[in-house]
S.K.: 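Got a structure for you, written out below as structure tokens; questions coming shortly.
Residue numbers start at 1 and run along the sequence shown. This structure is a prediction, so every number in the text was calculated from the model and none was measured.
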Amino acid sequence: MRIFSKKLTKTDVENRLCVKSKSLAFFPPFEGGQHAQVLRVEDEEGKEWRFRLIIRRGRYRKPVLSTADWLQFIKSKQLESGFKVQLFKEEDEA
């Protein structure tokens, strides 16, 4: 199931991936008032990446994916502003 799809912006490729708030329902819940969690993501080649999902505090509580792994992912895939990324959630066969 697709969680979201996005055309990358300059901010997405240089700093962090901004995620639509409505996509939060598809991620694991934040526990005990936490505002960040680590997501293990597998790319199309089966390589695992660890992205930090953070809900910004303050007025604009928009979620973002951040960490050195996100920027390394961008570099390894040679992604640029204007490219499209998609995030899928694997459904449990049970």
S.K.: Which pair of heavy atoms, one from Ser5 and one from Lys84, lies closest together, and at what distance?
M.R.: OG-CE, 2.7 Å
S.K.: Heavy atoms only: give me the nearest Arg52-Ala36 pair and the separation to one decimal.
M.R.: NH2-CB, 3.3 Å
S.K.: Under 30°, 30 to 60°, or over 60°: which ring-plane class applies to Phe51 and Trp70, parallel, tilted or perpendicular?
M.R.: perpendicular
S.K.: Which atom pair, heavy atoms only, marks the closest approach of Pro28 to Gln37?
M.R.: O-NE2, 2.9 Å
S.K.: Is any side-chain heavy atom of Phe26 closer than 4.5 Å to one of Met1?
M.R.: yes
S.K.: Given the rule that I, L, V, M, F, W and Y join up when any side-chain heavy atoms are under 4.5 Å apart, are Phe88 and Leu39 in one cluster?
M.R.: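 Different clusters.
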S.K.: Is there a chain of hydrophobic side chains (I, L, V, M, F, W, Y, each step under 4.5 Å between heavy atoms) that links Val64 to Leu24?
M.R.: no
S.K.: Kindly indicate whether the side chain of Glu42, heavy atoms from C-beta on, has any atom under 4.5 Å from the side chain of Glu48.
M.R.: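 Sidechains of Glu48 and Glu42: no contact.
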S.K.: Provide the closest heavy-atom pair for Ile3 versus Lys89 in the form atom of the first, atom of the second, distance.
M.R.: CD1-CB, 3.6 Å
S.K.: Side chains of Trp49 and Ser76: does their closest heavy-atom pair fall under 4.5 Å?
M.R.: yes
S.K.: Answer yes or no: is there a donor N or O on one side and an acceptor on the other, between the side chain of Lys6 and the main chain of Cys18, under 3.5 Å?
M.R.: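 Checking the backbone N and O of Cys18 against the side chain of Lys6, a donor-acceptor pair under 3.5 Å is found.
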S.K.: What is the distance from atom NZ of Lys77 to atom CD of Gln72, rounded to the nearest 0.5 Å?
M.R.: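 Reported to 0.5 Å precision, the distance equals 11.0 Å.
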S.K.: Consider only side-chain heavy atoms of I, L, V, M, F, W and Y, link residues closer than 4.5 Å, and tell whether Phe4 and Ile74 are in one cluster.
M.R.: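 Per the 4.5 Å side-chain linkage, Phe4 and Ile74 are co-clustered.
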S.K.: Checking Leu17 against Leu8 for the side-chain contact (heavy atoms from CB on, under 4.5 Å) test, could you report, in this order, the C-alpha distance in whole Å, the side-chain angles of both residues, the deciding distance, and whether it holds?
M.R.: CA-CA 8 Å; Leu17 176 66; Leu8 296 174; 3.8 Å; yes
S.K.: Does one hydrophobic cluster hold both Val41 and Phe83, with members joined at side-chain heavy-atom distances below 4.5 Å?
M.R.: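 Yes.
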S.K.: Determine whether Arg16 and Ile54 make a side-chain contact, defined as any pair of heavy atoms from C-beta on separated by less than 4.5 Å.
M.R.: no
S.K.: Can you check whether Phe27 reaches Val19 side chain to side chain, under 4.5 Å on heavy atoms?
M.R.: yes
S.K.: Tell me whether Lys20 at atom NZ has more than 12 heavy atoms from other residues, nucleotides or ligands lying less than 6.0 Å away.
M.R.: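 No, not enclosed.
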S.K.: Can you establish whether the number of heavy atoms outside Gln86 located under 6.0 Å from its atom CD is more than 12?
M.R.: yes
S.K.: With a cut-off of 6.0 Å (strictly less than), are more than 12 heavy atoms of other residues, nucleotides or ligands near CD of Glu31?
M.R.: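 No.
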S.K.: Is there side-chain contact between His35 and Phe30, with at least one heavy-atom pair below 4.5 Å?
M.R.: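 With C-beta onward as the side chain, the pair stays apart.
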